[in-house]
Amino acid sequence: MQLSTRAVSTAVLAAVVAVAGYFSDLTVAGADLGDLPLTVIVGLLAIGFAFGWPVLVNLPSRPGSTAVVALGGAGAVVIVHLTVGEPPLRDLPVVFAFSILLAFVNELLRGGGRERLVESVSGTVAGTLVAAAAAGWVATQRTPGGEELVIAGALALAVGSAVAALPLKPWLGAGATVGSGLVAGALAGLVLPGFDPLAGALLGVAVGLLVAALHQLFDRLPVLERFPASLAAIILPVTVTGILVYVAGRVLVG
């Protein structure tokens with residue numbers, strides 16, 4: 001799958017996250033759904049990422065690694081959704097620790113001499129960490145001004161990813177991606193009530209740098225010709241941006 005296709009697909013997923021964040025106050029049949037739409041979207045993204053991650057990094061035990069990463073990512077999203085009070089990520093280390101145990105159980109269940117054991121364990125744990133980062137979107141929604149942060153971060157990611165699809169030289173493309181993230185974040189700060197444009201611009205710069213770095217990292221991998229690997233590369237910026245937006249929000253907004 002070409003870089004432009006992956007970039008546009010990432011932009012579409014980021015836009016979906018922004019829409020889910022916008023409808024956080026949605027009421028259906030008199031019931032307030034809260035952050036349930038956002039939880040469902042990022043939970044599905046974590047599971048989709050788990051499907052492609054073992055192919056992207058060429059792990060030897062792909063079904064087992066997929067199961068571990070999916071359980072860790074979806075479990076992280078669910079536990080943050082169910083957490084009441086501050087801080088919303090306080091139970092996340094428990095989920096991640098349990099996922100590490102599952103990674104070792106996966107190796108114990110492997111046959112064939114357990115070749116590339118260290119690579120398999122480290123790759124599975126790394127994938128779980130990336131999938132669990134998606135819970136940052138839900139945690140951000142729970143913080144003061146969280147709805148605006150989610151929308152601004154997702155829009156910066158969508159715009160930056162769309163610009164990354166342009167056929168520009170590497171350094172020029174990276175600069176355009178960061179610059180577009182800055183503009184998108186600043187505009188979100190101007191439009192969204194109670195959100196500082198400067199904070200939005202700084203958040204956009206951080207998201208733009210992340211997008212530019214990830215696209216350069218994966219651009220020339222031959223394995224991206226396979227759909228599962230491309231799927232993981234498409235979803236990865238969205239999951240990682242979740243925890244980035246949460247941390248940036250705590251620093252910039254409080």
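In what follows, every heavy atom counts, from backbone to side chain, and hydrogens, waters and symmetry copies are set aside. Because the structure is predicted, anything quoted here is derived from the model rather than measured.
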Working for side chain to side chain contact (heavy atoms under 4.5 Å, CB included), residues L56 and L231: CA-CA 9 Å; L56 179 63; L231 179 64; over 6 Å; no
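- Using a distance-only test at 3.5 Å, with no hydrogens or angles considered, no donor-acceptor pair links the side chain of S65 to the main chain of R62.
- Contact between G160 and S180 at its shortest, heavy atoms only, is CA-OG, 3.6 Å.
- With rounding to the nearest 0.5 angstrom, the OG1 atom of T124 is 12.5 Å from the CG atom of L129.
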From CA spacing to verdict: side chain to side chain contact (heavy atoms under 4.5 Å, CB included), V130, L236: CA-CA 7 Å; V130 174; L236 191 149; 3.9 Å; yes
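- The heavy-atom pair separating P87 from Y246 by the smallest distance is CB-OH, 4.4 Å.
- Checking E107 against S120 by side-chain atom types alone, a donor-acceptor pair falls below 3.5 Å.
- What you find for A46 and A74 is that their closest heavy atoms are CB-N, 4.1 Å.
- Side chain of W53 to backbone of A126: no donor-acceptor contact under 3.5 angstrom is found.
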Verdict with supporting geometry, D91 and V80, side chain to side chain contact (heavy atoms under 4.5 Å, CB included): CA-CA 7 Å; D91 294 325; V80 173; over 6 Å; no
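- With hydrogens and angles left out, the side-chain atoms of S161 and T10 include no donor and acceptor closer than 3.5 Å.
- Taking OG1 of T239 as the reference point, atom CD1 of I234 lies at 12.5 Å (rounded to 0.5 Å).
- Between A184 and A156, the shortest heavy-atom distance links the atoms CB-CA, 3.9 Å.
- Atoms NE2 and CD, from H81 and Q141 in turn, are 11.0 Å apart once rounded to the nearest 0.5 Å.
- Side-chain contact between T128 and I100 is absent, with no heavy atoms from C-beta onward closer than 4.5 Å.
- In this structure, CH2 in W137 is found 13.0 Å from OG1 in T39, a value given to the nearest 0.5 Å.
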Intermediate values then yes/no, side chain to side chain contact (heavy atoms under 4.5 Å, CB included), R116 and N58: CA-CA 11 Å; R116 300 161 58 197; N58 192 27; 3.6 Å; yes
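- By the criterion of side-chain heavy atoms lying less than 4.5 angstrom apart, applied directly or through intervening Ile, Leu, Val, Met, Phe, Trp or Tyr residues, V240 is grouped together with L244 in one hydrophobic cluster.
- The closest side-chain heavy-atom distance from L102 to L71 is below 4.5 Å.
- Side-chain contact between L157 and P237 is present, with at least one heavy-atom pair separated by less than 4.5 Å.
- Under a hydrophobic-cluster definition in which Ile, Leu, Val, Met, Phe, Trp and Tyr are linked whenever side-chain heavy atoms come within less than 4.5 Å, directly or via other members, V205 and V238 are assigned to different clusters.
- When all heavy atoms of I151 and G21 are compared, the closest pair comes out as CG1-C, 4.4 Å.
- With hydrophobic clusters built from ILVMFWY side chains whose heavy atoms lie under 4.5 angstrom apart, L217 shares a cluster with F49.
- Follow the hydrophobic side-chain contacts under 4.5 Å out from V223 and you reach F51 in the same cluster.
- Considering CG of L203 and CG of D196, their distance stands at 11.5 Å, rounded to 0.5 Å.
- The two residues R142 and P88 make their nearest non-hydrogen contact at CB-CB, 4.3 Å.
- Both I41 and V77 are part of a single hydrophobic cluster, where members link through side-chain heavy atoms under 4.5 Å apart.
- Expressed to the nearest 0.5 Å, how far OG1 of T66 lies from CG of N106 amounts to 9.5 Å.
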